[in-house]
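Have a look at the structure below, then the notes.
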Amino acid sequence: MAMLQYRVQGMSTGLFGDVRVGGAKNSVLPILAAVCLNDGESVIHNCPRIADTFVSMEILQKIGCVPKLLGDTLVVNTKGLAATAVPDDCVRKMRSSILFMGAMLARAGQVELTLPGGCELGTRAIDLHLMGLSAMGADIKIDGDKICCKAGRLVGANIKLHTASVGATENIMIAAVKAHGETVIENAACEPEIVDLADFLIGMGAKIHGAGTSRVVISGVNRLYNPVPHVIMPDRIVAGTYLVAAAMTGGDITVTDVNPTDLLPVLAKLIEMGCRIKVSDGNISLRAPKRLAACPRIITKVHPGFPTDMQAQFVAALAVAEGKSLVTETVFDKRHQHAAELNRMGAKISLCTDNRNFTIQGVENLRGATVAAKDLRGGAALVLAGLVAKGETVVQNAGYIQRGYESIERDLESLGAKISLEGAEQEEKCA
Ligand code: EPZ
């Protein structure tokens with residue numbers, strides 16, 4: 001991963017123009033797991049050509065399915081699903097491989113995978129995934145770092161999550177589709193990507209109510225059919241990232257093909273920082289002030305609160321805003337590594353001992369430097385900082401960023417940035 005890097009020139013003018021956002025990473029990943037429930041063909045449109053999509057396709061291939069990506073349309077034939085093990089190398093590359101558990105258990109009655117370790121964002125427990133599946137009758141054995149789950153037909157259960165986990169909600173929802181009886185998930189995650197997954201499942205015959213609320217009810221069905229072709233929802237985090245880039249550079253852009261209601265807390269903060277926002281059917285326009293105002297308080301929360309996946313980008317923006325800001329990360333226990341890298345560019349960010357509270361004193365200018373991405377969104381934040389820094393910035397470990405952005409360099413260049421991707425492709429160990 002170290003070889004791949006972005007070279008970013010500091011801008012004297014703002015980003016300008018229109019940019020289209022592709023399909024959502026955090027929607028396509030659970031949906032590419034859910035296709036395993038069906039033994040036929042699924043058609044998925046607006047599929048983002050990001051690294052994590054290709055890892056999911058690798059998993060599908062290795063367990064006996066046939067995925068084909070033509071442009072942004074993915075056609076997957078899952079008739080031949082034979083394996084019950086999620087490939088180790090894929091789990092190591094992408095921890096959300098765990099989303100295949102529910103689907104493979106429901107389809108084949110058995111699934112094995114290596115415990116996905118922690119990653120750059122912290123511990124990343126999976127107790128809720130396992131608790132949910134065992135409540136539905138799965139027999140789960142953990143031997144060293146291997147998990148083996150077995151079940152006859154799963155049985156519906158009442159499951160209360162101690163944390164509104166996105167992944168656990170998705171895994172349980174998928175597993176419950178063909179269970180015998182009704183499953184109720186209390187304190188379910190409410191992210192828009194959960195609604196998109198539910199729409200996809202309903203399109204193959206599932207009976208689901210309440211997706212997008214904290215109480216989801218899934219009534220098990222006996223059979224499914226080839227899903228209605230599904231269009232992946234727009235990626236609200238990619239959209240938010242480009243809006244912050246325009247805000248930091250004093251720019252004026254329109255992001256197209258997005259759903260503004262998915263970004264309300266983000267838009268509210270951008271307005272608080274002095275931006276003018278206009279939304280109209282599927283587009284968001286932002287006109288930035290000459291310099292952003294600090295934002296006294298940002299606290300990340302589960303949806304519909306301020307999204308943790310936008311925290312790093314806002315820390316970068318607040319680093320050059322006028323005044324002092326306080327940002328608190330409540331979802332992950334280690335989503336802070338971008339702070340040290342931004343400080344190497346001249347930012348004044350101090351992090352409390354709990355690694356969750358950032359105090360940011362805005363500075364007039366950052367200076368270009370060679371910095372390293374430590375995770376996906378932290379890496380994107382460093383690219384954004386490079387746009388406003390004096391001089392040239394090199395962001396190493398670009399592979400992290402490619403996991404969630406189809407081509408951040410193409411998109412930012414189309415808005416006037418000077419950015420290039422350099423270095424040889426390398427087998428990457430991603431989180
Ligand atoms: C999903 O991760 C997203 N990934 C993340 O996006 C996103 O940041 C996160 O949800 C929160 O919105 C995908 O959808 C592929 P969680 P997930 O389970 O499901 C704790 C990005 O940048 N927890 O909601 O792994 C966990 O430790 C990525 O696009 C348990 O305690 O997140 C964490 O502190 C990063 N037990 C908190 O819940 C469990 O069994 C939230 O995790 C599961 C989670």
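Remember, it's 1-based here, ligands and their atoms both numbered in the order they're listed.
- Side chain of E182 to backbone of G156: no donor-acceptor contact under 3.5 angstrom is found.
- Residue-ligand proximity, G167 to ligand 1, at heavy-atom distances under 4.0 Å covers atoms 18 (O), 19 (O).
- Of the possible donor and acceptor atoms, one in the side chain of D196 sits under 3.5 Å from a partner among the backbone N and O of M233.
- Side chain of R107 to main chain of C36: a donor-acceptor pair is present (N/O by atom type, distance under 3.5 Å, no hydrogens or angles).
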Subject >> Candidate pair E193 and H303, rule side-chain hydrogen bond (donor to acceptor under 3.5 Å, both in side chains), full reasoning >> reply: CA-CA 10 Å; E193 291 77 16; H303 196 77; over 6 Å; no
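- The nearest protein atom to atom 40 (O) of ligand 1, hydrogens excluded, is given as L128 N, 2.7 Å; this is a heavy-atom distance.
- Of the protein's heavy atoms, R377 NE, 2.9 Å lies nearest to atom 22 (O) of ligand 1.
- No side-chain donor from either of E409 and S420 sits under 3.5 Å from a side-chain acceptor of the other.
- Contacts of R335 with ligand 1, taken as heavy-atom pairs under 4.0 Å, involve the side chain alone.
- Contact analysis leaves E170 out of contact with ligand 1, as no non-hydrogen atom separation drops below 4.0 angstrom.
- Heavy-atom neighbours of K146 NZ from other residues, nucleotides or ligands within 6.0 Å: above the threshold of 12.
- Proximity of A168 to ligand 1, defined as any heavy-atom pair under 4.0 Å, is not found for any part of the residue.
- Here the heavy atom of the protein found nearest to atom 42 (O) of ligand 1 is F332 CE2, 4.0 Å.
- Under 4.0 Å is where a charged nitrogen must lie from a carboxylate oxygen, and between D88 and K62 no such pair does.
- Residue D309 holds the heavy atom nearest to atom 21 (C) of ligand 1 of all those in I237, L29, T330, D309.
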**OP:** Run the numbers on K141 and D143 for side-chain contact (heavy atoms from CB on, under 4.5 Å), then give the verdict.
**Re:** CA-CA 6 Å; K141 287 198 172 37; D143 178 12; 6.0 Å; no
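- Each of the atoms 40 (O) of ligand 1 lies under 4.0 Å from some heavy atom of H129.
- Taking atom 33 (C) of ligand 1 as the reference point, the nearest protein heavy-atom neighbour is V331 O, 3.5 Å.
- For atom 15 (C) of ligand 1, the closest non-hydrogen atom of the protein is N26 OD1, 3.4 Å.
- For ligand 1, the polar-atom distance check finds an N/O of K25 within less than 3.5 Å of one of the ligand's N/O atoms.
- The protein heavy-atom contact nearest to atom 25 (O) of ligand 1 is R124 NH2, 3.0 Å.
- In terms of protein heavy-atom proximity, atom 20 (C) of ligand 1 is nearest to T163 CG2, 4.4 Å.
- By heavy-atom distance, the residue among H162, E193, Q311 lying nearest atom 31 (O) of ligand 1 is H162.
- When only modelled atom types and interatomic distance are considered, T370 and Q396 share no side-chain donor-acceptor pair under 3.5 Å.
- Among protein heavy atoms, atom 39 (C) of ligand 1 sits closest to A125 O, 3.2 Å.
- Distances between N or O atoms of T123 and those of ligand 1 include no value under 3.5 Å.
- Within a 6.0 Å sphere centred on NE2 of H180, heavy atoms belonging to other residues, nucleotides or ligands number 12 at most.
- Ring-plane geometry between F306 and F314 is classed as perpendicular, the angle between the planes exceeding 60 degrees on a 0 to 90 degree scale with a lower cut at 30.
- Residue contacts with ligand 1, taken as heavy atom pairs separated by less than 4.0 Å, do not involve M131 at all.
- Of all atoms in ligand 1, numbered sequentially from 1 with element shown, those under 4.0 Å from a heavy atom of R95 are 25 (O).
- Residues R335 and E329 are not paired through a salt bridge, judged by the lack of any N-O separation under 4.0 Å between the basic side chain and the carboxylate.
- Between the choices L121, V166, L99, the shortest heavy-atom distance to atom 1 (C) of ligand 1 belongs to V166.
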